[in-house]
Amino acid sequence: MRNPQRINKSSRRSRIPKPVKQPRQHRSKKVEFQGIEFDSQTEFLYYRNLKSDPTVRNIHLQPEFQIIDSYKVTCKRCVGVGMLINTKTGNANKCRLCNGKGRRDKPGAKYTADFEVTYIDGHAEVIDVKGGPVTRDFPLRKKLFEMRHGVELIVVRLKDKEWVRE
């Protein structure tokens, strides 16, 4: 005969809920066309649109722009001294994090746009194609680019089968 107070082992264990999977920022798929790999279908469609435009002289794909120069900071381990006291021997050793300089080099930051387009009349535009929501850091990168280079970054979206500049 079964014991009525007996509890099933699986129901006795506390169930830990699975972590909720965060949705992807964008669902873009890479597209290859004539040996060129595009980050998204929308980017490829805009490239095709630019190629058919008779006023476009040159299209540069994925141009990189420096938005923050490299810089130096005080070493966090040796606090700018360049030397550390060895706890076992009591000797002063050169800090390995900054190589005894007391300051460390940081690389800065680059921004990669989708296109840099030069037109027949000589003016150029830097264009970023967006097919979905922008990432959280995009507005800051856009402002840093514009401040550093003095050129407006053109953001283009495909809405109702028409290219819209924002």
Side-chain angles (χ1 to χ4, degrees), residues 17-82 84 94-166:
K18 288 184 180 180
V20 177
K21 190 173 182 180
Q22 294 293 323
R24 286 179 53 192
Q25 281 282 349
H26 46 76
R27 290 172 174 34
S28 62
K29 292 181 182 174
K30 294 193 183 279
V31 176
E32 190 172 327
F33 175 71
Q34 295 178 345
I36 303 168
E37 189 173 292
F38 295 95
D39 290 336
S40 68
Q41 177 82 22
T42 312
E43 192 176 315
F44 162 67
L45 292 172
Y46 192 71
Y47 175 77
R48 236 178 34 189
N49 183 49
L50 286 173
K51 280 301 228 186
S52 66
D53 188 350
T55 62
V56 173
R57 181 189 315 153
N58 187 24
I59 302 169
H60 183 209
L61 302 171
Q62 303 292 318
E64 276 191 358
F65 299 94
Q66 190 78 28
I67 55 175
I68 300 174
D69 289 329
S70 59
Y71 56 97
K72 293 181 182 270
V73 295
T74 303
C75 178
K76 64 182 177 186
R77 187 179 295 162
C78 67
V79 194
V81 177
L84 293 170
K94 185 167 74 170
C95 177
R96 290 186 187 181
L97 199 59
C98 65
N99 283 333
K101 297 175 189 170
R103 299 193 49 80
R104 297 181 56 205
D105 293 326
K106 296 286 186 166
K110 291 182 180 180
Y111 167 69
T112 305
D114 292 330
F115 304 105
E116 185 174 17
V117 181
T118 308
Y119 294 93
I120 291 175
D121 63 0
H123 85 280
E125 290 181 333
V126 179
I127 299 172
D128 204 316
V129 179
K130 296 294 179 194
V134 295
T135 57
R136 197 173 78 187
D137 67 333
F138 179 72
L140 178 61
R141 286 182 175 273
K142 180 180 177 189
K143 286 177 185 176
L144 287 169
F145 169 80
E146 292 174 346
M147 184 180 79
R148 175 77 186 264
H149 296 282
V151 178
E152 186 176 5
L153 178 64
I154 309 296
V155 178
V156 179
R157 289 184 187 274
L158 184 61
K159 290 185 181 176
D160 300 324
K161 297 182 181 182
E162 193 173 315
W163 294 104
V164 178
R165 291 172 167 238
E166 294 179 351

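Fair warning: this is a prediction, and the values are worked out from it, not measured in the lab.
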Exam field: side chain [X] to backbone [Y], donor-acceptor pair closer than 3.5 Å:
X	Y	answer
R141	K110	yes
D53	T55	yes
H149	Q66	yes

Is it true that the side chains of Q62 and E43 contain a donor and an acceptor less than 3.5 Å apart?
yes
Between F115 and Y47, how do the two ring planes meet: parallel, tilted or perpendicular, split at 30° and 60°?
parallel
Which word best sums up how the rings of Y111 and F65 line up, parallel for under 30°, tilted for 30 to 60°, or perpendicular for over 60°?
parallel
Heavy-atom side-chain contact between L61 and F38 under 4.5 Å:
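L61 reaches F38 side chain to side chain.
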Gap between atom [atom2] of [Y] and atom [atom1] of [X] - 0.5 Å precision:
X	Y	atom1	atom2	value
K143	L153	NZ	CG	13.0 Å
R104	C78	CZ	SG	9.5 Å
F145	L140	CZ	CG	14.0 Å
T112	E64	OG1	CD	4.0 Å
E116	I59	CD	CD1	11.5 Å
C75	R103	SG	CZ	10.5 Å

Looking only at non-hydrogen atoms, find the nearest pair between [X] and [Y] and report the distance.
X	Y	result
V151	E146	O-CG, 3.3 Å
T42	L158	CG2-CB, 4.4 Å
K94	N99	CD-O, 3.5 Å
K130	R157	O-CG, 3.5 Å
V126	A113	CG1-CB, 3.5 Å
N49	W163	ND2-CD1, 3.5 Å

Charged N to carboxylate O under 4.0 angstrom, R165 versus E152?
no
With side-chain contact (heavy atoms from CB on, under 4.5 Å) as the test, would you mind laying out the steps for I127 and D114 before giving the verdict?
CA-CA 6 Å; I127 299 172; D114 292 330; 5.8 Å; no
Around atom NZ of K142, are there more than 12 heavy atoms from other residues, nucleotides or ligands closer than 6.0 Å?
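Buried by this count: over 12 neighbours within 6.0 Å.
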Of all residues at least two apart in sequence or in a different chain, which pass the side chain to side chain donor-acceptor pair (under 3.5 Å) check with R148?
D69
